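Just so we're clear, the structure is a prediction, and the values are computed from it rather than from any experiment.
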Amino acid sequence: QTLTSALLRLAHSKQQLLMYLSGHGERKLDGTANHDLGEFGRRLEQNGYRIAPLNLTIAQEVPDNAGVLVITQPQMKLFHGETSKLLRYIERGGNVLWLLDAEPLRGLDPLAEKLGIVLSPGIIIDPNAQEMNAPTDWTLGTGYAPHPITQNFDLITVFPYARALDMEDNQEWQRNILVEGAMNGWVSTSRNAHFDKQRDIPGPVNLALALQRNVAEREQRIVVVGSGSFLSNAYSGNGGNLDLGVN
């Protein structure tokens, strides 16, 4: 890790700015609470990134020099003007890492619609995780599709309280599944310990997706993960979670 971080810092001619949405109770990349992303943020800083919060009630727009914008689950609904700024950022070709929880989107619905992300209601139940004595609402990431993010990546990852992701047909984006899980599991709206064929959706499910396209002769990259807890301080040390997050 030390050697990798040194090489990445040398490769960056200047520190790249990574911003995270704030102002609505989101997870903080420099936070120390269990639900925050401080360990992930420190790893990124070691790799040469400069991290800063972004409050869109104050900022006129998402800055053009932001290399990546991290969006986590808001606890309060975004104002319409804030959502509009996010949509304009995506229209301009901005890169996004979006960590979703199995909660209401609270003003981010237009973002999911813009990206063609389909969100199944409910939480994923993974019997394979339970066989490893993990909690009933954890899902193991065990399948990694070919992609630069997952190239040569074969570590088990853990997605607590995860929601399933899917994608609409959209010729505008090149779409890839990054991580699959719950091969023998299901999406449950009631968190029942047993599959209900009348209400539940059988697995496998998509845990992380990647989208990319070219905007103004520049490649735009969007990654959506169906678990904000995946990179939280409480769980990022499980398996290869941090390594996959950095990728």
Side-chain angles (χ1 to χ4, degrees), residues 18-41 44 51-57 59 62 66 68-87 89-90 94-125 135 137-139 141 157-167 178-179 181-182 187-189 191 205-211 222-236 238 241-242 244-245:
L18 185 150
M19 307 195 79
Y20 63 93
L21 195 64
S22 67
H24 319 87
E26 294 95 340
R27 304 173 191 268
K28 300 176 182 178
L29 264 81
D30 56 359
T32 58
N34 285 342
H35 66 274
D36 285 329
L37 309 176
E39 292 295 328
F40 178 50
L44 293 172
I51 293 173
L54 176 65
N55 188 329
L56 288 177
T57 63
V62 180
V68 182
L69 176 64
V70 178
I71 302 173
T72 62
Q73 195 72 33
Q75 300 305 304
M76 299 172 57
K77 187 173 182 178
L78 275 71
F79 291 109
H80 176 73
E82 295 177 279
T83 305
S84 296
K85 292 175 185 179
L86 290 175
L87 293 175
Y89 172 70
I90 289 175
N95 301 316
V96 172
L97 170 61
W98 189 6
L99 303 177
L100 280 161
D101 290 315
E103 299 179 14
L105 292 183
R106 300 188 178 98
L108 293 174
D109 307 74
L111 186 60
E113 183 178 348
K114 172 68 178 175
L115 299 177
I117 302 297
V118 179
L119 302 173
S120 301
I123 195 168
I124 301 169
I125 304 295
D137 42 19
W138 284 24
T139 303
T157 44
V158 175
F159 296 81
Y161 325 115
R163 73 183 308 167
L165 308 174
D166 209 339
M167 296 176 286
L178 290 179
V179 185
V187 179
S188 172
T189 56
R191 302 196 183 189
V205 300
N206 302 325
L207 295 164
L209 306 173
L211 299 86
I222 309 280
V223 172
V224 184
V225 183
S227 170
S229 296
F230 151 70
L231 287 174
S232 69
N233 294 332
Y235 304 111
S236 62
N238 285 278
N241 283 24
L242 265 182
L244 182 61

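Aromatic ring orientation, Phe230 versus Phe159: parallel (interplanar angle below 30°, classes split at 30° and 60°).
A side-chain donor-acceptor contact under 3.5 Å links Gln73 to the backbone of Pro104. Side chain of Arg106 to main chain of Pro74: a donor-acceptor pair is present (N/O by atom type, distance under 3.5 Å, no hydrogens or angles). Tyr89 places no side-chain N or O within donor-acceptor distance of the main-chain N or O of Ser84, the cut-off being under 3.5 Å. Side chain of Thr83 to main chain of Gly107: a donor-acceptor pair is present (N/O by atom type, distance under 3.5 Å, no hydrogens or angles). No donor-acceptor pair under 3.5 Å is formed between the side chain of Asn206 and the backbone N or O of Asp166. Between the Asp30 side chain and the Pro53 main chain, no donor and acceptor come within less than 3.5 Å of each other. In this structure, the side chain of Asn34 does not engage the main chain of Ala234 through any donor-acceptor pair within 3.5 Å. Looking at Lys114, its side chain never comes within 3.5 Å of a backbone N or O of Leu87 through a donor-acceptor pair. A donor-acceptor pair is defined here as one N or O able to donate and one able to accept, closer than 3.5 Å; such a pair exists between the side chain of Asn233 and the backbone of Ala33.
Contact between Leu97 and Val225 at its shortest, heavy atoms only, is CD1-CG2, 4.3 Å. Of all heavy-atom pairs between Thr139 and Ala182, the closest is CG2-N, 3.9 Å. Of all heavy-atom pairs spanning Ile125 and Ser188, the tightest one is CG1-CB, 3.9 Å. Asp101 and Ser227 make their closest contact through OD1-C, 4.0 Å (heavy atoms, listed as atom of the first residue, atom of the second, distance). For the pair Glu39 and Ser236, the tightest heavy-atom approach, listed with the atom from each and the gap, is CB-OG, 3.8 Å. In terms of heavy-atom proximity, Ala164 sits nearest to Val187 at CB-CG2, 3.7 Å.
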Quiz prompt | Test log, rule side chain to side chain contact (heavy atoms under 4.5 Å, CB included), inputs Leu119 and Leu105 | solution = CA-CA 10 Å; Leu119 302 173; Leu105 292 183; 3.8 Å; yes
Exercise. Step by step, work out the side chain to side chain contact (heavy atoms under 4.5 Å, CB included) result for Glu103 and Arg163.
Key: CA-CA 9 Å; Glu103 299 179 14; Arg163 73 183 308 167; 5.6 Å; no
Quiz item: Would Tyr20 and Ile51 count as a side chain to side chain contact (heavy atoms under 4.5 Å, CB included) if you check the C-alpha gap in whole Å, the side-chain angles of each, and the deciding distance to 0.1 Å?
Solution: CA-CA 8 Å; Tyr20 63 93; Ile51 293 173; 3.8 Å; yes
Exercise. Quick one: do Leu21 and Leu78 satisfy side chain to side chain contact (heavy atoms under 4.5 Å, CB included)? Show the steps, please.
Key: CA-CA 11 Å; Leu21 195 64; Leu78 275 71; 4.1 Å; yes
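To the nearest 0.5 Å, the span separating CG on Leu37 from OG on Ser232 amounts to 7.0 Å. To the nearest 0.5 Å, the span separating CD1 on Ile123 from OH on Tyr161 amounts to 8.0 Å. Expressed to the nearest 0.5 Å, how far CG of Leu165 lies from CG of Leu209 amounts to 5.0 Å. Considering CG of Leu231 and CZ of Arg27, their distance stands at 9.0 Å, rounded to 0.5 Å. With rounding to the nearest 0.5 Å, the separation of CG in Asn55 from CD in Glu82 is 6.5 Å. Rounding to the nearest 0.5 angstrom, the gap separating the CD1 atom in Ile71 from the CG atom in Leu99 is 9.5 Å.
Contact of the Leu86 side chain with the Leu108 side chain is registered, since non-hydrogen atoms from C-beta on lie closer than 4.5 Å. Between Leu115 and Ile90, some side-chain heavy-atom pair lies under the 4.5 Å cut-off. Between Leu207 and Ile124, some side-chain heavy-atom pair lies under the 4.5 Å cut-off. Put simply, the side chain of Val179 reaches to within 4.5 Å of the side chain of Leu244, judged on heavy atoms. Using a 4.5 Å heavy-atom cutoff, the side chains of Ile117 and Leu211 are in contact.
Around the CD atom of Glu113, the shell of radius 6.0 Å holds no more than 12 heavy atoms that belong to other residues, nucleotides or ligands.
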